[in-house]
> 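Quick one: the structure is below, questions incoming.
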Amino acid sequence: MSPNLRLYNTLTKQKELFEPLNPPFVGMYVCGPTVYGDAHLGHARAYIVFDVLFRYLQSLGYRVRYVRNITDVGHLSDEVAGEGEDRIARKAKLQQLEPMEVAQRYTDSFHADMDRLNVRHPSIEPRASGHIPEQIALVEAILRGGLAYEANGSVYFDVLKYNEHRPYGVLSGRVPEDMLAGTRDLDGQREKRNPLDFALWKNAAPEHLMRWPSPWGVGFPGWHLECSAMGAKYLGNRFDIHGGGMDLIFPHHECEIAQSQAGHRTEPAKYWLHNNMITINGQKMGRSLGNFINLNAVFSGNHALLQQAYTPMTVRFFVLQAQYRSPLDFSNEALQSAQKGYRRLMNGLRIARQLAYAPDETVAADERNRQEVNALCEGCTKGMDDDLNTAVVVANLFNLLKKINSIHTGGLQAAALGEETFNRLTTTFITFTEEILGLREEKSANPDELIVSLLELYREAKAAKEYDKVDKIRGYFKTQGLVIKDMKTGIDWAYEEG
RNA sequence: GGUCCUGUGGCCGAGUGGCUAGGCAGAGGUCUGCAAAACCUCGUACAGCGGUUCGAAUCCGCUCGGGACCUCCA
């Protein structure tokens with residue numbers, strides 16, 4: 001376990017040393033997707049970032065329980081229910097899409113996208129719809145504490161009353177009085193005692209499709225409730241890390257803190273982490289703005305803003321080239337450069353795996369390179385420890401890659417580094433690339449054996465100076481997205497970076 | 001309007017008081033049948049204007065630009 005991991009805590013607005021409440025255990029909750037649409041680039045960033053945190057904590061030796069929910073109690077409503085005549089036109093129940101059918105479909109596609117992005121499965125992935133009793137119990141607890149009230153079958157959280165004892169707005173830096181000044185009148189506000197109050201339980205209108213019985217009538221849980229209920233159920237009332245996108249800070253996480261405090265008598269999380277948004281042409285990407293790019297569009301290239309398809313690992317690498325709290329702007333140019341960089345790294349991974357240390361008494365020790373390698377290895381850890389600065393990690397990996405390539409092509413002797421440093425070089429490179437950043441090879445269909453035998457033919461043709469044959473083999477490799485590398489030390493192949 | 005973030009070389013993107021980030025693109029070189037790959041070298045960037053300081057991209061102020069949240073949102 002690293003005593004040096006520092007994470008930026010939105011609650012305190014500074015980087016803090018990470019000290020789990022109950023080491024070696026770590027409880028981490030991340031707000032999952034609302035499954036009423038396909039996952040887009042923004043989801044990719046959030047879940048890749050927290051996947052890297054999950055991986056890093058594990059690699060440090062912590063026993064992490066990672067909970068990431070599925071929100072499937074959205075506000076799906078039957079659009080035709082309100083229009084009498086159309087309603088009659090419906091013939092059979094089976095012709096209609098069940099709300100759970102919609103949720104299932106998008107849950108499946110979300111999982112498929114995450115798998116392609118090599119995002120590890122969370123330890124528990126609870127669904128809001130499967131935790132209605134827990135949510136009702138939490139509402140009851142808050143009611144008992146006098147910090148909520150019932151109105152027309154709905155239950156609202158009493159923000160001002162809560163604020164008398166505990167400051168509401170600690171996470172987002174808001175003050176209730178200031179917010180009251182700028183509130184607008186939205187429909188459904190009549191029942192609330194105060195515009196800032198938010199729903200814990202909502203009475204279901206007739207056209208609302210998802211509904212459950214409750215002590216207050218038939219309805220559905222409020223928008224923020226599920227996370228409080230499920231986080232507490234699986235991680236305890238107080239746990240280590242709560243994460244999500246920056247856009248969730250207010251109101252979602254702010255309400256969660258208030259609810260949990262009211263219902264569980266403690267602040268839910270010690271560290272609040274928030275990733276920044278992905279922007280397109282400098283503007284936030286979002287469903288409501290209509291400028292979002294779904295992941296399946298990215299992977300297929302089927303979108304007006306995309307000049308080509310980009311592989312899942314290209315996207316992952318693109319995301320990790322930036323620090324998670326910085327905004328990240330999408331562009332074809334940026335993705336294309338990420339694609340090349342990613343492939344370069346993968347070529348290095350293959351080489352690092354096949355390099356073997358060869359002791360050689362005649363090779364003089366190269367102290368300068370040895371020190372450089374050690375500093376670069378430390379740089380990887382330091383980068384991660386400094387609030388998951390994956391951009392710094394990637395920079396260090398590329399510098400390590402130069403050493404690996406130099407050894408591979410004969411410019412640097414492994415023996416000159418000494419066995420210990422050499423092993424550290426290859427191990428660090430492989431571990432950080434694969435295990436921590438979670439980048440893996442996207443293999444082409446070619447069986448490795450075919451490549452090996454073709455390379456043997458290439459070598460023979462070359463020795464015989466049959467250049468027609470040589471060029472032909474090279475041409476074939478190119479059609480497979482591969483290139484042949486001629487080096488003093490031998491012949492090898494690599495992924496074409498272009 | 002309120003709260004907050006941000007502006008780095010052709011592009012992306014770290015750094016945040018003095019010491020080469022890195023990737024992509026570009027230039028030159030080594031290697032090579034020609035290439036490719038790889039390696040080496042190169043750009044001397046920090047929105048503008050003031051200020052603090054021996055010294056600022058890095059701190060402070062102002063100006064200009066961009067963005068987020070205040071409503072479901074990763």
Side-chain angles (χ1 to χ4, degrees), chain A residues 13 30-34 36-37 39-50 71 74-75 169 172-175 178-179 181-184 186 223 243-252 254 274-279 281-289 292 317-318 321-323 325-342 344-345 347-348 351 379 383 386 389-399 401-406 408-412 462 465 467 470-471 474 477-478 482-489 491-498:
Chain A
K13 294 181 172 52
V30 171
C31 290
T34 303
Y36 67 99
H40 53 61
L41 277 171
H43 293 105
R45 183 175 200 191
Y47 302 123
I48 287 169
V49 162
F50 288 105
T71 297
H75 318 282
S172 55
R174 279 159 221 268
V175 184
D178 293 349
M179 286 191 286
T183 46
R184 291 173 289 166
L186 298 169
W223 306 300
M246 266 182 182
D247 49 353
L248 297 179
I249 294 173
F250 191 91
H252 186 58
E254 199 69 77
H274 294 96
N275 64 279
N276 213 318
M277 306 287 100
I278 281 195
T279 58
N281 298 321
Q283 196 179 37
K284 177 185 162 181
M285 189 178 72
R287 285 206 175 89
S288 52
L289 294 166
F292 63 95
F317 180 79
F318 170 67
Q321 265 193 306
Q323 208 270 347
R325 287 191 297 118
S326 299
L328 177 59
D329 197 48
F330 167 88
S331 71
N332 280 284
E333 221 178 349
L335 264 294
Q336 280 156 10
S337 102
Q339 174 181 299
K340 292 185 185 182
Y342 158 71
R344 196 159 121 81
L345 214 50
N347 283 328
I351 292 165
D386 184 15
N389 197 330
T390 50
V392 164
V393 176
V394 169
N396 278 285
L397 288 177
F398 273 107
N399 282 322
L401 175 59
K402 284 181 187 174
K403 304 297 179 194
I404 288 167
N405 281 328
S406 293
H408 186 48
T409 54
L412 176 65
K462 223 167 161 193
K465 295 194 193 295
Y467 294 121
V470 165
D471 290 341
R474 271 208 296 241
F477 269 68
K478 200 168 166 60
L482 306 174
V483 292
I484 290 175
K485 301 169 64 172
D486 265 325
M487 299 164 294
K488 279 189 168 176
T489 49
I491 292 165
D492 196 6
W493 64 275
Y495 297 109
E496 188 175 26
E497 286 167 18

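In what follows, chains carry the letters A, B, and so on, assigned in the order in which the sequence lines appear, proteins first and then strands, with residues in each chain numbered from 1.
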> Give Ile278(A) one of three labels, base, sugar-phosphate or nothing, depending on what nucleic acid heavy atoms sit under 4.0 Å from its own.
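The answer is base, as Ile278(A) lies within the cut-off (heavy atoms under 4.0 Å) of a base atom.
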> Measure the shortest side-chain to side-chain distance between Leu397(A) and Leu401(A) over non-hydrogen atoms and say whether it is less than 4.5 angstrom.
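With C-beta onward as the side chain, the pair stays apart.
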> Kindly say if Arg344(A) contacts the phosphate of A38(B), meaning a side-chain N or O under 4.0 Å from OP1 or OP2.
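For Arg344(A), the contact criterion (side-chain N or O under 4.0 Å from OP1 or OP2 of A38(B)) is met.
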> Show the numbers, then the answer: is there a side chain to side chain contact (heavy atoms under 4.5 Å, CB included) between Lys284(A) and Met246(A)?
CA-CA 11 Å; Lys284(A) 177 185 162 181; Met246(A) 266 182 182; over 6 Å; no
> NA contact type, Glu496(A), heavy-atom cut-off 4.0 Å: base, sugar-phosphate, or nothing?
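The answer is nothing, as Glu496(A) stays clear of every strand by at least 4.0 Å.
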> Using a cut-off of 4.0 Å on non-hydrogen atoms, how would the nucleic acid contact of Tyr467(A) be classed: base, sugar-phosphate, or nothing?
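Base contact.
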> Considering only atom C1', compute the distance from G29(B) to A37(B) and round it to an integer number of Å.
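Straight-line distance between the two C1' atoms is 16 Å.
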> When the C1' atoms of A35(B) and G13(B) are considered, how many whole Å apart are they?
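Rounded to whole Å, the distance is 32 Å.
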> Please give the distance between the C1' atoms of G26(B) and C64(B) as a whole number of Å.
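Between the two C1' atoms, the distance is 32 Å.
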> So Lys402(A) and Leu412(A), side chain to side chain contact (heavy atoms under 4.5 Å, CB included) or not? Walk me through it.
CA-CA 10 Å; Lys402(A) 284 181 187 174; Leu412(A) 176 65; over 6 Å; no
> Out of A74(B), A25(B), A21(B), which has the shortest distance to the side chain of Ala395(A)?
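Comparing A74(B), A25(B), A21(B) against the side chain of Ala395(A), the answer is A21(B).
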> Just by distance, do the side chain of Asp386(A) and the backbone of Asn389(A) share a donor-acceptor pair under 3.5 Å?
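Flag not set: sc Asp386(A) to bb Asn389(A) has no pair under 3.5 Å.
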> Checking all strands, does His274(A) fall into the base, sugar-phosphate, or nothing category for heavy-atom contacts under 4.0 angstrom?
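No contact.
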> Nearest heavy atom decides the nucleotide; on that basis, is Gln336(A) or Lys488(A) closer to the 5' end of RNA chain B?
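Result: Gln336(A).
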> For Cys31(A) and Leu248(A), which heavy atoms make the closest approach, and how far apart are they?
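Residues Cys31(A) and Leu248(A), closest heavy atoms: CB-CD1, 3.7 Å.
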> Just call it for Gly411(A): base, sugar-phosphate, or nothing, with non-hydrogen atoms closer than 4.0 Å on any strand.
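No contact at all - Gly411(A) keeps every heavy atom at 4.0 Å or more from the nucleic acid.
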> In whole Å, measure the gap between the P atoms of U8(B) and C49(B) for me.
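To the nearest whole Å, 16 Å.
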> Roughly how many Å apart are U30(B) and G15(B), using the P atom of each and rounding to a whole number?
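Nearest-Å result for G15(B) against U30(B) at atom P: 38 Å.
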> Across the strands shown, which category fits Gln339(A) at heavy-atom distances under 4.0 angstrom: base, sugar-phosphate, nothing?
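Touches nothing.
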> Give a yes/no answer on whether the side chain of Asn389(A) brings an N or O atom under 4.0 Å of OP1 or OP2 in G15(B).
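Result: yes.
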> Taking N and O atoms by type only, does the side chain of Arg474(A) place a donor or acceptor under 3.5 Å from a partner on the base of C34(B)?
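Answer yes: a donor N or O sits under 3.5 Å from an acceptor.
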> For the side chain of Arg174(A), starting at C-beta, report the closest nucleotide among C69(B), A74(B), A14(B).
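Of the candidates, C69(B) comes closest.
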> Starting at the 5' end of RNA chain B and moving along, which residue's nearest nucleotide shows up first, Gly173(A) or Lys462(A)?
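That would be Gly173(A).
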> Mind checking if Val470(A) touches a base, just sugar-phosphate, or nothing, with heavy atoms under 4.0 Å?
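Touches a base.
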> Using a cut-off of 4.0 Å on non-hydrogen atoms, how would the nucleic acid contact of Asp329(A) be classed: base, sugar-phosphate, or nothing?
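It contacts sugar-phosphate atoms only.
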> Which whole number of Å gives the distance between the P atom of G17(B) and that of C24(B)?
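Per the computed distance, 29 Å lies between those P atoms.
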> With a 3.5 Å cut-off and heavy atoms only, can you find an N or O donor on one side and an acceptor on the other between the side chain of Asn399(A) and the base of A21(B)?
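Looking at the base of A21(B), it does not pair with any donor or acceptor on the side chain of Asn399(A) (distance under 3.5 Å).
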> Give me the distance, rounded to whole Å, that separates G22(B) from C60(B) when you measure between the C1' atoms they each carry.
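After rounding to an integer number of Å, I get 31 Å for this pair.
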> Applying a 4.0 Å non-hydrogen cut-off, can you work out what Gly341(A) is touching in the nucleic acid: base, sugar-phosphate, or nothing?
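Answer is sugar-phosphate: Gly341(A) comes under 4.0 Å of backbone atoms only.
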> If you compare all heavy atoms of Tyr47(A) against all heavy atoms of Val30(A), which two are closest, and at what distance to 0.1 Å?
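What the structure gives for the nearest pair is CE2-CG1, 4.0 Å.
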> Which part of the nucleic acid, if any, lies within reach of Lys284(A) when heavy atoms closer than 4.0 Å are counted: base, sugar-phosphate only, or nothing?
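If one applies the 4.0 Å heavy-atom cut-off, Lys284(A) turns out to touch a base.
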> Once you apply a heavy-atom cut-off of 4.0 Å, does Asn275(A) come out as touching a base, just sugar-phosphate, or nothing?
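Contact class for Asn275(A): base.
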> Touch check for Ser326(A), heavy atoms < 4.0 angstrom, all strands: base, sugar-phosphate only, or nothing?
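Sugar-phosphate only.
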> Using a heavy-atom cut-off of under 4.0 Å over every strand shown, decide if Lys402(A) touches base, sugar-phosphate, or nothing.
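Sugar-phosphate, no base atom in range.
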> Across the strands shown, which category fits Ala322(A) at heavy-atom distances under 4.0 angstrom: base, sugar-phosphate, nothing?
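If one applies the 4.0 Å heavy-atom cut-off, Ala322(A) turns out to touch the sugar-phosphate alone, with no base involved.
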> Does Arg325(A) have a side-chain nitrogen or oxygen under 4.0 Å from the phosphate oxygens OP1 or OP2 of A74(B)?
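No, outside the criterion.
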> Using atom P of each nucleotide, how far apart are G18(B) and U58(B) to the nearest Å?
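Looking at atom P only, G18(B) and U58(B) are 12 Å apart.
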> What heavy-atom pair brings Glu254(A) and Ser172(A) nearest, and what distance separates the two atoms?
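It is OE1-OG, 2.5 Å.
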